[in-house]
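Since this is a predicted model, take the numbers as computed values, not measurements.
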Amino acid sequence: MVGTVAQDIDDVVDGLAGIIRKATADADRIGYFAALYRQVTVEVRKAIHAGRFEDGPRMDRFDTHFGNRYFEAHDAWIRDGSGPRCWRETFGLLDDADTVIVQHLLLGVNAHINLDLAVAAARTSPGEDIQELRNDFLLINDILASVVLAVQDSVDALSPFMSLLDKVGGRTDEQILDFSIRQSREEAWYNAVLLAGQTEEQRAVTIDRLDIRAGVLARLIAHPGGLVRPALELIRRTEEDDVPTVIRHLDSAMGAASAG
């Protein structure tokens with residue numbers, strides 16, 4: 001699935017589904033975050049159709065810009081290992097069997113929200129129009145929270161010892177994902193407002209700065225210190241290691257939650 005360019009939110013969902021299918025067939029961990037992201041996008045699409053946003057067509061455009069940022073990074077990595085620093089850090093660990101499932105998810109969340117989200121928002125509503133996007137931008141937090149809860153259950157089932165992270169002073173999978181998303185989205189809004197008011201030259205500098213920061217955070221997620229490290233080693237030894245099984249499990253998290 002190289003060369004994906006979405007025209008609307010339906011294309012984003014379809015493009016992610018294509019990546020997931022290929023990742024499942026190839027036993028490629030790139031499907032982990034793609035599965036999480038597809039479910040978020042499906043829930044956003046449902047909210048658009050249900051009229052939950054102030055401006056549904058604008059949110060469709062916003063989500064399309066956001067999705068294309070991911071597709072651009074994915075395609076650059078597949079093509080020649082290039083792309084933004086934070087995405088290179090993320091994709092560079094896909095073949096590392098020592099990186100646990102929740103780390104792969106967090107690495108994708110970090111790159112997509114701490115870099116791509118502000119860029120997509122500013123592109124959707126440049127200049128003073130950015131302020132009109134705020135309420136809809138914040139509403140997505142509720143949608144993300146519902147997906148996070150479903151994914152928490154999936155990760156718990158796949159990683160029986162995830163609770164160890166809480167006991168050693170880290171965060172549980174839900175807290176990691178939920179806190180990271182909410183905190184990062186607050187910062188992303190600030191950066192979106194900044195980018196929306198900048199010239200093209202200024203934006204390039206700001207985007208590079210955001211990429212550097214997200215790259216640093218990626219390295220911290222990938223290589224935590226203290227007691228978290230031995231906890232991750234135990235989690236790694238006991239969690240599900242069949243990649244296609246993990247992808248399918250994560251990709252059905254919302255359906256499983258609804259059924260439950």
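A side chain to side chain donor-acceptor pair (under 3.5 Å) with R58 is found for one member of D63, T124, D136 and no other, namely D136.
Less than 6.0 angstrom separates the ring centroid of Y37 from the ring centroid of H112.
Here the CG atom belonging to D251 is positioned 7.0 Å from the OG1 atom belonging to T24, to the nearest 0.5 angstrom.
At least one side-chain heavy atom of H74 sits less than 4.5 Å from a side-chain heavy atom of I78. Between I235 and V102 the shortest side-chain heavy-atom distance does not fall below 4.5 Å. The shortest side-chain heavy-atom distance between V5 and F71 does not fall under the 4.5 Å cut-off.
Checked against side-chain contact (heavy atoms from CB on, under 4.5 Å), T206 has the following partners two or more places apart in sequence or in another chain: L194, L195, Q198, R209, L210. Considering only residues two or more places apart in sequence or on other chains, F62 meets the ring pair (Phe, Tyr, Trp, His ring centres under 6.0 Å) condition with none of them.
Contact check on R236 versus E233 returns no salt bridge, with no Lys/Arg side-chain nitrogen under 4.0 Å from an Asp/Glu carboxylate oxygen. In summary, D26 and K22 engage in a salt bridge, as defined by a charged side-chain N under 4.0 Å from a carboxylate O.
Taking the six-membered ring where tryptophan is involved, the planes of H104 and Y32 are perpendicular, since the angle between them exceeds 60° and thus also 30°.
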Can you check side-chain contact (heavy atoms from CB on, under 4.5 Å) on L250 and L36, steps first, answer last? CA-CA 7 Å; L250 292 171; L36 167 63; over 6 Å; no
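Between the side chains of N114 and S184, at least one donor N or O sits under 3.5 Å from an acceptor N or O. Side-chain contact, W87 with D211: no donor N or O sits under 3.5 Å from an acceptor N or O.
V44 and V119 are not part of a single hydrophobic cluster, where members link through side-chain heavy atoms under 4.5 Å apart.
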Distance-only criterion, 3.5 Å: show the donor-acceptor pairs between side-chain atoms of residues 213-225 and protein atoms not counting sequence neighbours.
from: R213; atom 1: NH1; to: E187; atom 2: OE1; distance (Å): 3.2
from: R213; atom 1: NH2; to: E187; atom 2: OE1; distance (Å): 3.1
from: R219; atom 1: NH1; to: E89; atom 2: OE2; distance (Å): 2.8

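F137 carries R185 over the face of its six-membered ring, with the cationic atom under 6.0 Å from the centre and within 45° of the normal.
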